[in-house]
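The next block holds one structure in the form of structure tokens; read it before the comments.
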Amino acid sequence: MIWVSGWKLARAVSDAGGLGIIGAGSMYPDVLREHILKFKAHSRRPFAVNVPMLYPDLDTIIDIIIEEKVPIVFTSAGNPATYTSRLKDEGLKVVHVVSSVKFALKAQAAGVDAVVAEGFEAGGHNGKEETTTMVLIPAVRKEVDIPLIAAGGIGSGASMMAAMALGAEGVQVGSRFAASEESSAHQAFKQAIVEAKEGDTILTLKELAPVRLIKNKFYQQIKAAYERGASVEELRQILGRARAKKGMFEGDLDEGELEIGQISAIIDSVLPAGKILNQIVEEFQSLREQISRA
């Protein structure tokens with residue numbers, strides 16, 4: 001959710017009864033502090049910050065999270081043992097995002113309070129194993145004792161119900177909220193999400209950091225590089241810097257990296273985040289009632 005989930009989206013989700021998450025991966029430390037302070041100035045609801053551990057300034061970001069008393073931290077794309085003990089010693093809850101049973105067990109051993117098991121349907125940085133949510137959730141549920149949150153391809157009450165049936169206690173929704181009114185994504189990117197069809201996204205760049213994105217002109221450059229046997233260094237040069245910002249935040253649909261999940265194929269509108277959350281919960285509750293009456 002880099003370049004997508006600032007304080008406005010997090011606030012809208014939290015105020016509607018969910019847990020809004022500020023995406024720190026696209027923020028310099030001072031920008032992150034600003035978003036945290038603005039959230040707290042506009043809402044008294046709980047919220048969280050996601051910290052992708054493949055980005056710089058991690059020590060400073062963790063210091064800010066502790067100083068500003070953020071109640072919950074979601075860590076991802078790195079070793080959960082790096083900061084979990086320190087954060088928990090400060091009284092924070094820690095959740096780690098994983099893509100496999102192996103990493104779920106490592107997260108549990110590191111002392112996290114919960115794990116997010118994310119299937120490869122998800123947008124953005126992803127697991128190399130390409131394990132789907134349908135397979136990953138029951139596999140992780142079988143091996144860990146801590147609370148399990150499902151992610152990847154979830155954006156409706158029906159998919160939430162499916163995740164619960166597979167053993168999850170909760171769900172994490174990303175791509176659906178990227179196409180919300182409060183999302184900080186560029187309007188052109190939001191429209192690209194709405195227009196995306198089945199097969200329009202792909203998981204690529206495994207040699208660097210696996211990422212699911214829309215197949216645009218930039219992706220065609222990557223594809224051509226693979227076809228000629230490009231080295232990891234050449235792939236890194238093609239990726240360059242700030243590709244995601246260019247596409248998702250600035251709206252360059254040709255040269256930007258457009259990170260989004262497979263569920264974009266069934267997203268057909270840009271709505272207020274609170275309405276999206278209410279629709280998901282209402283559909284879930286309706287399905288649960290139908291099942292209980294059966």
Side-chain angles (χ1 to χ4, degrees), residues 1-2 4-5 9 13 18-19 21 23 50 52 74 76-77 95-101 103-104 114-142 147-180 183 185 189-190 192-204 206 209-215 219 248 258-271 273 276-277 279-284 286-288:
M1 295 292 280
I2 60 170
V4 168
S5 189
L9 177 55
V13 172
L19 178 66
I21 304 177
N50 172 254
F74 283 65
S76 60
V95 184
H96 192 68
V97 183
V98 302
S99 60
S100 68
V101 172
F103 290 117
V115 291
V116 175
E118 182 179 77
F120 100 121
E121 301 96 322
H125 292 295
N126 215 314
K128 295 181 179 181
E129 301 85 1
E130 298 194 10
T131 307
T132 65
T133 303
M134 182 70 74
V135 174
L136 182 62
I137 299 308
V140 173
R141 177 72 289 159
K142 183 178 178 182
L148 170 61
I149 301 166
I154 299 171
S156 66
S159 53
M160 180 177 173
M161 175 63 73
M164 300 295 199
L166 292 171
E169 281 89 11
V171 296
Q172 178 174 281
V173 177
S175 294
R176 186 62 192 94
F177 286 122
S180 68
S183 161
F189 177 47
K190 294 181 187 181
I193 297 170
V194 171
E195 293 177 359
K197 300 294 187 284
E198 181 183 2
D200 282 353
T201 70
I202 190 167
L203 186 68
T204 188
K206 286 188 177 183
V211 62
R212 179 172 294 283
L213 44 73
I214 290 176
K215 298 175 183 175
Y219 167 69
M248 302 166 70
L258 307 175
E259 301 181 10
I260 202 70
Q262 287 183 333
I263 197 172
S264 57
I266 56 175
I267 295 173
D268 59 8
S269 59
V270 176
L271 299 171
I276 292 170
L277 182 58
Q279 286 179 345
I280 291 172
V281 172
E282 287 170 6
E283 183 182 16
F284 172 80
S286 177
L287 289 168
R288 185 170 58 181

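It should be emphasised that the depicted structure is a prediction, and the values quoted were computed from it without experimental measurement.
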When you measure from the side chain of [X] to the backbone of [Y], do you find a donor-acceptor pair of N or O atoms at a distance under 3.5 Å?
X    : Y    : result
S76  : V97  : no
E259 : V211 : no
K190 : A178 : no
K215 : L213 : no
T201 : R212 : no
N126 : F120 : yes
D200 : I214 : no
S175 : G261 : yes

Problem - Sequence neighbours excluded - salt bridge (Lys or Arg N to Asp or Glu O under 4.0 Å) pairs with any residue from residues 156-169 - result: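 Every pair satisfying salt bridge (Lys or Arg N to Asp or Glu O under 4.0 Å) with a residue in residues 156-169: R141-E169.
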
Problem - Pairs satisfying salt bridge (Lys or Arg N to Asp or Glu O under 4.0 Å), at least one member in residues 155-165, at least two apart - result: none

State, with a plain yes or no, whether a side-chain heavy atom of [X] is found less than 4.5 Å away from one of [Y].
X    : Y    : value
E121 : I263 : no
L9   : M1   : yes
Y219 : L258 : no

Looking at every non-hydrogen atom in both residues, tell me the closest pair between [X] and [Y] and how far apart they are.
X    : Y    : value
I149 : V171 : CG2-C, 3.5 Å
V140 : V115 : CG1-CG2, 4.4 Å
I154 : A163 : CD1-CB, 4.1 Å
A179 : I267 : CB-CG2, 4.0 Å

Exercise for the section: Please check if atom CE in M164 has more than 12 non-hydrogen atoms from other residues, nucleotides or ligands closer than 6.0 Å. Expected result: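 It does: M164 CE has more than 12 such atoms within range.
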
Exercise for the section: With rounding to the nearest 0.5 Å, note down the distance linking OG in S183 to CD1 in I193. Expected result: 6.5 Å

Exercise for the section: Please lay out, stage by stage, how V13 and L19 fare under the test side-chain contact (heavy atoms from CB on, under 4.5 Å). Expected result: CA-CA 6 Å; V13 172; L19 178 66; 5.9 Å; no

Exercise for the section: Just do the side-chain contact (heavy atoms from CB on, under 4.5 Å) check on H125 and E118 with the steps written out, would you? Expected result: CA-CA 10 Å; H125 292 295; E118 182 179 77; over 6 Å; no

Problem - Full working for side-chain contact (heavy atoms from CB on, under 4.5 Å) between L271 and R176 - result: CA-CA 9 Å; L271 299 171; R176 186 62 192 94; 3.6 Å; yes

Problem - Among L136, V135, I137, the one residue meeting side chain to side chain contact (heavy atoms under 4.5 Å, CB included) with T133 - result: I137

Exercise for the section: Could you walk me through whether I280 and M160 pass side-chain contact (heavy atoms from CB on, under 4.5 Å), step by step? Expected result: CA-CA 8 Å; I280 291 172; M160 180 177 173; 4.0 Å; yes

Handout entry: Any donor-acceptor N or O pair under 3.5 Å, side chains S156, S159
Key = yes

